[in-house]
Amino acid sequence: MNFRILLFALIFGLCGTGFAQEYVTGLQVNEAVAHEAKRLSIENESIRSVDEGDKYVLLPFFDDFSTSNIFPNQDLWDGYSVFVNKDFPYMPVNTGAATLDAIDSTGRVYSDATWVPFIADRLLSNYIRLDSIFSPSARKLSPADSVYLSFFYQPQGVGDAPQEYDSLVLEYSRQTGSLVFSHMDSVIVAASDYLTSPNDTIFPLDTIWAPSGCNPSVFTIVYDYYYYEDMITVACDSVFVPEIVWDDIWFAEGMKLSEFYELHGRNMLQVNIPILDTLYFNDKFRFRFRNYASVSNENSPPSYRSNVDQWNIDYVYLNYNRSVGDTTYRALTFSQRAPSFLKNYEVMPYRQYRYSPNPNTRPDFNMFISNLDNIEHNTKYSYNVKQVGTNFSYSYDGGSCNLKPFYEVGFQECVGCGSAHACPPVNALFAINYDMDTTSFIITHYISDSSDQSSIVDSAIYKQGFYNYYAYDDGTPEAGYGINSDIGKIAYKFTLNMADTLWGIQMYFNRTHNDVNEFYFDLVVWSDNNGKPGEELYRQAGEQVSWEKGLYAFYPYMLDVPLKVVGTVYVGFEQIRKEYFNIGMDKNNNKQDRIFAYYLNEWHSSTVSGALLMRPIIGANMILSTDENIAENKINELKVYPNPTSSYFSIGNGELSDNPEAELVIMNIYGQLVYQQSGISSRINTSSLSPGIYVVKVQSGAVQYSTKLIIK
C-alpha cells in the first residue's frame with residue numbers, strides 16, 4: 001500500500017506522544033494531460049486500435065521523445081495513456097522521456113486504481129514490419145539478421161518511487177494461428193422492414209432476425225419499443241480475428257532512484273534485447289511496456305489517492321544488423337531543462353533586478369551535455385541571450401573541447417576545457433531599461449560537432465522572465481505539499497533588494513478529485529526573525545482555495561490593503577483546520593531552505609525537497625502611489641457599485657462624482673494600465689475588460705482613493 005507522506009514525529013511531555021507532519025502527495029490531476037485530452041476529445045483511458053489499413057512502421061523504429069509533447073507520436077505508438085514530458089525524468093540521456101504512472105489518458109488517476117498493484121499505463125507500438133526490409137532492396141528478415149530492441153529506463157525520476165511489486169514489464173505480441181471471436185458486427189435497418197403496417201409495434205424482448213446479406217442464424221432481442229418510422233441497430237454477423245497473445249520478455253522491480261543508482265552506477269540504464277523467436281518475424285509485430293501501480297486505500301484522505309509509481313523510458317530503438325554491444329548513438333544531447341541565469345529565482349521583478357543586478361546574477365551555471373556515440377567528439381558550445389522586443393543581445397563562445405562517450409564518463413565534466421561547456425559563466429548582465437516595468441530574454445544554448453559533412457547538433461532554450469512577482473518554481477508541479485496540523489501555517493521566504501509594495505500572492509493548488517480541497521485559509525505575511533518567520537505583519541481572513549482558467553494558471557489572492565515591505569519577508573497562509581491543501585510543488589528546483597512549517601507551537605525548517613508554487617506580487621505604482629506630492633492615500637475608501645460587475649460600475653463618493661478634475665484609472669493585477677479617463681462619469685463601461693480582479697484608483701487633488709473591483 002502506498003501511503004506516500006513524509007512524517008516527522010516529535011515526542012513531548014510525559015503522558016504520551018504527539019506528532020505533526022508535512023506531507024507530499026502525487027498529482028490527482030495532471031493538468032497538462034487533461035488539457036491536451038480535452039483538445040483532442042479523448043474521453044476515457046481506452047486506447048485506439050490500429051486499423052488494418054493503417055500505415056505500418058518500417059525498420060528502423062526509433063523514438064527519443066524529443067519531438068512529441070504530452071502524448072506519444074501516433075505515427076509510432078498506439079494510444080494516449082503515457083505522458084511525454086521533461087518534468088519527471090531525472091538526468092535523462094536527452095531532454096524528454098515517456099513517463100508511465102497511475103494517471104490515465106484524461107489526466108486523472110485510473111478509476112479502477114487500488115492499493116493492490118494493477119496494470120496502469122501502456123506504451124504500445126503500432127504494427128511493425130518485422131517480416132521484411134525494403135531498402136536498399138526488399139528481402140525477408142529472420143533471427144539471423146540480428147534484430148535487437150533497446151531502451152533506457154529509470155524508476156521514480158523526480159516523482160514517486162515504485163514499490164517492489166509496482167514493476168515495469170516489456171511484452172511482445174505474436175499470432176497463434178487460431179481465430180477468436182472479436183465482436184458482433186451490426187447494421188442499421190428500418191423498423192418498417194419488420195412491421196406489416198404503420199400501426200404495428202416492436203415490443204421489448206421481441207426477436208429481430210438479421211436482414212438479407214447477413215448471417216441468417218443471427219438474431220437480436222430488443223429491449224425498447226420501436227415504431228414504424230424508427231431505425232433499429234441489429235446484429236449482422238460474428239467477427240473473428242487472429243488470436244494474439246503477449247509474451248513476457250523482460251521486467252524490472254520497483255525501487256527508489258537512489259537504490260537504482262547504487263545498484264547500476266547511473267540514473268538511467270540501457271537494456272538491449274535480441275529477438276530470436278521466428279514467431280515474431282511477421283508483418284504485425286508489436287511490443288509494449290506496461291507498468292503496475294498501487295495507490296493508497298479508500299480509507300486514506302482523498303489527497304493521498306494520487307499519481308504514484310513513475311517509470312521513465314527513453315531512446316527506444318528497434319533495428320536489424322545490431323549486436324548486444326550496439327548501445328551507442330551518433331548524437332550530442334542536452335539533459336535537464338536549461339537553467340535560469342538568476343542566482344536565486346526563476347523570475348523576479350524587473351525593478352528589483354535593476355536596483356541590484358550583480359548580486360542577483362549567477363556567476364556561472366551547469367549544463368549537462370552527453371556524447372551518446374562510441375567515439376570521442378570535438379564539440380563546440382555557445383549560448384545567445386536576446387531580449388524580447390528590443391535589439392539587445394549578447395553571446396558566449398565556449399570554444400571547442402573533446403567529449404568522451406557517455407558510457408565512459410557520463411555527462412561532460414567541469415575539468416579543463418570542459419569547464420567552458422559544462423560550467424560556463426554568465427558573462428554579461430541583462431539589459432537595464434528604466435522605461436520598462438516587465439521584460440523577458442530568450443537564452444538559447446547550442447552544442448555541435450561540425451568536424452565532418454554530417455554535423456550533429458542539439459539546442460536548449462530558456463525564457464528568463466522579469467515580471468511583477470518573485471518565483472522559485474518553474475511553473476509546473478510534480479507533486480503536492482501541505483501540513484497536517486490543527487494550527488498549521490506555511491511560510492515562504494523572499495528577500496527584496498529595495499523597499500517595495502506587496503499587493504498580493506499568487507498560488508497554484510493542485511486540483512483533486514471533485515476539487516475536495518476547496519478549503520478556507522487566512523493569507524498571512526511575516527517579518528524575519530533570525531532566519532525564521534517572526535512578527536505577523538498582515539493577515540487577511542477567509543480566503544478560499546481557487547483556480548484560474550488556463551494551463552497551470554496561478555490564482556491571485558490580492559491584499560485588501562497593500563503592504564510596504566523591505567528586506568526579508570515571509571508570505572504564506574494559515575489553515576483554519578486540519579486539511580489537505582495540496583499546494584503545487586516543483587520537484588526540479590529545491591528551495592526547501594526557504595520553506596517553513598508551523599506545528600506544535602513553533603516554526604520548523606522544511607525537510608521536503610522542492611519549490612512551492614507560491615509567488616508574491618511585488619511592484620511600485622500599482623495600488624499605492626509613490627509620488628511624494630500626494631499627501632494622503634485612502635485605500636478602500638473608494639465606493640464602487642455594483643461590485644462584482646459584468647458591464648459597468650459607478651462611483652459612490654459624492655465629492656468625487658461632482659469633481660470634473662478627478663482622474664480615474666483601472667489597472668490589472670500586474671500593474672498594467674487598462675483604462676483611464678478624466679472626470680467621473682455616472683457609469684464607467686467595463687465591457688471591454690476580461691473577467692478578473694482589478695484596482696480602481698481616483699486622484700482628486702492631493703488625495704488618492706483606491707479599491708478592488710471584480711469583473712465577472
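- Side chain of Ser146 to backbone of Arg322: a donor-acceptor contact under 3.5 angstrom is found.
- Remark: side-chain polar atoms of Ser370 are not paired, donor with acceptor, to backbone N or O of Leu372 under 3.5 angstrom.
- Residues Phe61 and Phe287 place their aromatic rings such that the two centres sit under 6.0 Å apart.
- Taken to the nearest 0.5 Å, the CD1 atom of Ile221 stands 5.0 Å off from the OG1 atom of Thr207.
- Counting only distance, with no hydrogens or angles, the side chain of Gln336 and the backbone of Phe368 share no donor-acceptor pair below 3.5 Å.
- Pairing each heavy atom of Ala34 with each of Val29, the nearest pair is CB-CG1, 4.3 Å.
- Judged by distance alone, the side chain of Asn291 and the main-chain N or O of Asp101 form a donor-acceptor pair under 3.5 Å.
- A salt bridge is absent between Arg122 and Asp78; no separation between the charged side-chain nitrogens and carboxylate oxygens falls under 4.0 Å.
- The main-chain N or O of Gly79 is found under 3.5 Å from a side-chain atom of Gln74 such that the two form a donor-acceptor pair.
- Taking both residues in full, the closest heavy atoms of Phe88 and Asn85 are given as N-OD1, 2.8 Å, listed atom of the first, atom of the second, then distance.
- Residues Arg511 and Glu31 are not paired through a salt bridge, judged by the lack of any N-O separation under 4.0 Å between the basic side chain and the carboxylate.
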Could you list the donor-acceptor pairs under 3.5 angstrom formed between side-chain atoms of residues 183-196 and any protein atom two or more places apart in sequence or on another chain?
{"residue": "Tyr194", "atom": "OH", "partner": "Trp209", "partner atom": "O", "Å": "2.8"}
{"residue": "Thr196", "atom": "OG1", "partner": "Asp200", "partner atom": "OD2", "Å": "2.3"}

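- Taken to the nearest 0.5 Å, the CG atom of Leu269 stands 8.5 Å off from the CG atom of Leu263.
- Defined by atom type and a distance below 3.5 Å, a donor-acceptor pair is missing between the side-chain atoms of Asn199 and Ser197.
- In summary, of the residues considered (Tyr80, Tyr110, Trp311), a side chain to side chain donor-acceptor pair (under 3.5 Å) with Asp121 occurs for Tyr110 alone.
- What you find for Leu58 and Arg129 is that their closest heavy atoms are CD2-CG, 3.6 Å.
- Applying the side chain to side chain donor-acceptor pair (under 3.5 Å) test to Thr476 and every residue at least two apart in sequence or in another chain returns nothing.
- A 4.5 Å side-chain heavy-atom check between Asn589 and Asp473 finds every atom pair outside the cut-off.
- With Glu478 contributing its side chain and Lys587 its backbone, the two residues share a donor-acceptor pair below 3.5 Å.
- Residues Leu170 and Phe151 meet the side-chain proximity criterion, which asks for heavy atoms closer than 4.5 Å.
- No more than 12 heavy atoms of other residues, nucleotides or ligands shown are found within 6.0 angstrom of CZ on Phe219.
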Problem set entry | Chi angles and distances behind the ring-ring contact (aromatic ring centres under 6.0 Å, His included) call for Tyr225, Phe203 | CA-CA 5 Å; Tyr225 290 93; Phe203 293 93; 5.7 Å; yes
For this session: Evaluate the criterion side-chain contact (heavy atoms from CB on, under 4.5 Å) for residue pair Leu168 and Ile313; output intermediate values, then yes/no.
Result: CA-CA 10 Å; Leu168 178 68; Ile313 295 175; 4.3 Å; yes
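- Other residues, nucleotides and ligands contribute only 12 or fewer heavy atoms inside 6.0 Å of the CD atom of Glu262.
- In summary, Asp474 and Lys86 do not engage in a salt bridge, as defined by a charged side-chain N under 4.0 Å from a carboxylate O.
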Exercise. Hey, mind stepping through Arg286 and Tyr127 against side-chain contact (heavy atoms from CB on, under 4.5 Å) and telling me if it holds?
Worked result: CA-CA 5 Å; Arg286 304 176 87 176; Tyr127 291 131; 3.3 Å; yes
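- For the residue pair Pro477 and Leu27, the shortest heavy atom distance occurs at O-CD1, 3.6 Å.
- Counting only heavy atoms from C-beta outward, the side chains of Glu36 and Arg39 approach each other to under 4.5 Å.
- Between the CG atom of Asp131 and the CG atom of Leu59 there is a distance of 9.5 Å, given to the nearest 0.5 Å.
- Heavy-atom minimum distance, Val109 versus Ile103: N-CD1, 3.7 Å.
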For this session: Please assess Asp277 against Tyr172 for the test side-chain contact (heavy atoms from CB on, under 4.5 Å), listing each intermediate value before the final yes or no.
Result: CA-CA 11 Å; Asp277 196 323; Tyr172 294 164; over 6 Å; no
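- Around atom OH of Tyr148, more than 12 heavy atoms belonging to other residues, nucleotides or ligands sit under 6.0 Å away.
- Side-chain atoms of Val308 and Asp166, non-hydrogen and from C-beta on, never get closer than 4.5 Å to each other.
- Contact of the Arg337 side chain with the Asp87 side chain is registered, since non-hydrogen atoms from C-beta on lie closer than 4.5 Å.
- Of the inter-residue distances, the one linking Phe406 atom CZ with Arg266 atom CZ reads 7.0 Å to the nearest 0.5 angstrom.
- Aromatic ring centres of Tyr23 and Tyr481 lie farther apart than the 6.0 Å criterion allows.
- Using a 30° and 60° split on the angle between ring planes, Phe65 and Trp77 fall in the parallel class, below 30°.
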For this session: Decide yes or no on side-chain contact (heavy atoms from CB on, under 4.5 Å) for Ile128 and Tyr56, but give the supporting numbers first.
Result: CA-CA 6 Å; Ile128 300 172; Tyr56 291 11; over 6 Å; no
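- For Asp145 (side chain) and Val147 (main-chain N/O), no donor-acceptor pair under 3.5 Å exists by modelled atom type.
- Asn307 contributes a side-chain N or O that, together with a main-chain N or O of Ala102, makes up a donor-acceptor pair within less than 3.5 Å.
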Problem set entry | Working for side chain to side chain donor-acceptor pair (under 3.5 Å), residues Thr99 and Asn312 | CA-CA 5 Å; Thr99 300; Asn312 298 305; 2.7 Å; yes
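- Counting only heavy atoms from C-beta outward, the side chains of Pro92 and Gln154 never approach each other to under 4.5 Å.
- Note: Tyr165 OH to Asp309 CG = 14.5 Å, rounded to the nearest 0.5 Å.
- Judged purely by atom type and a 3.5 angstrom limit, Ser306 uses its side chain to pair as donor or acceptor with the backbone of Gly26.
- Note that the CG atom of Leu141 and the CG atom of Asn282 stand 11.0 Å from one another [nearest 0.5 Å].
- Side-chain contact between Ser132 and Lys140: present, with at least one pair of heavy atoms (C-beta onward) separated by less than 4.5 Å.
- Nearest heavy-atom pair, Tyr317 versus Asp326, reported as atom, atom and distance to 0.1 Å: CE2-OD2, 4.4 Å.
- A 4.5 Å side-chain heavy-atom check between Glu548 and Tyr508 finds every atom pair outside the cut-off.
- Between the Asp458 side chain and the Phe334 main chain, a donor and an acceptor come within less than 3.5 Å of each other.
- Ring pair Phe62/Tyr329 is tilted by interplanar angle, where 30° to 60° counts as tilted.
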Using residues 242-260 as the side-chain source, report each donor-acceptor pair under 3.5 Å to any protein atom, sequence neighbours left out, with the distance given to one decimal.
{"residue": "Glu243", "atom": "OE1", "partner": "Thr176", "partner atom": "OG1", "Å": "2.6"}
{"residue": "Asp247", "atom": "OD1", "partner": "Arg174", "partner atom": "NE", "Å": "3.3"}
{"residue": "Asp247", "atom": "OD1", "partner": "Arg174", "partner atom": "NH2", "Å": "3.4"}
{"residue": "Asp247", "atom": "OD2", "partner": "Arg174", "partner atom": "NE", "Å": "2.6"}
{"residue": "Asp247", "atom": "OD2", "partner": "Tyr280", "partner atom": "OH", "Å": "2.6"}
{"residue": "Glu259", "atom": "OE1", "partner": "Lys256", "partner atom": "N", "Å": "3.1"}

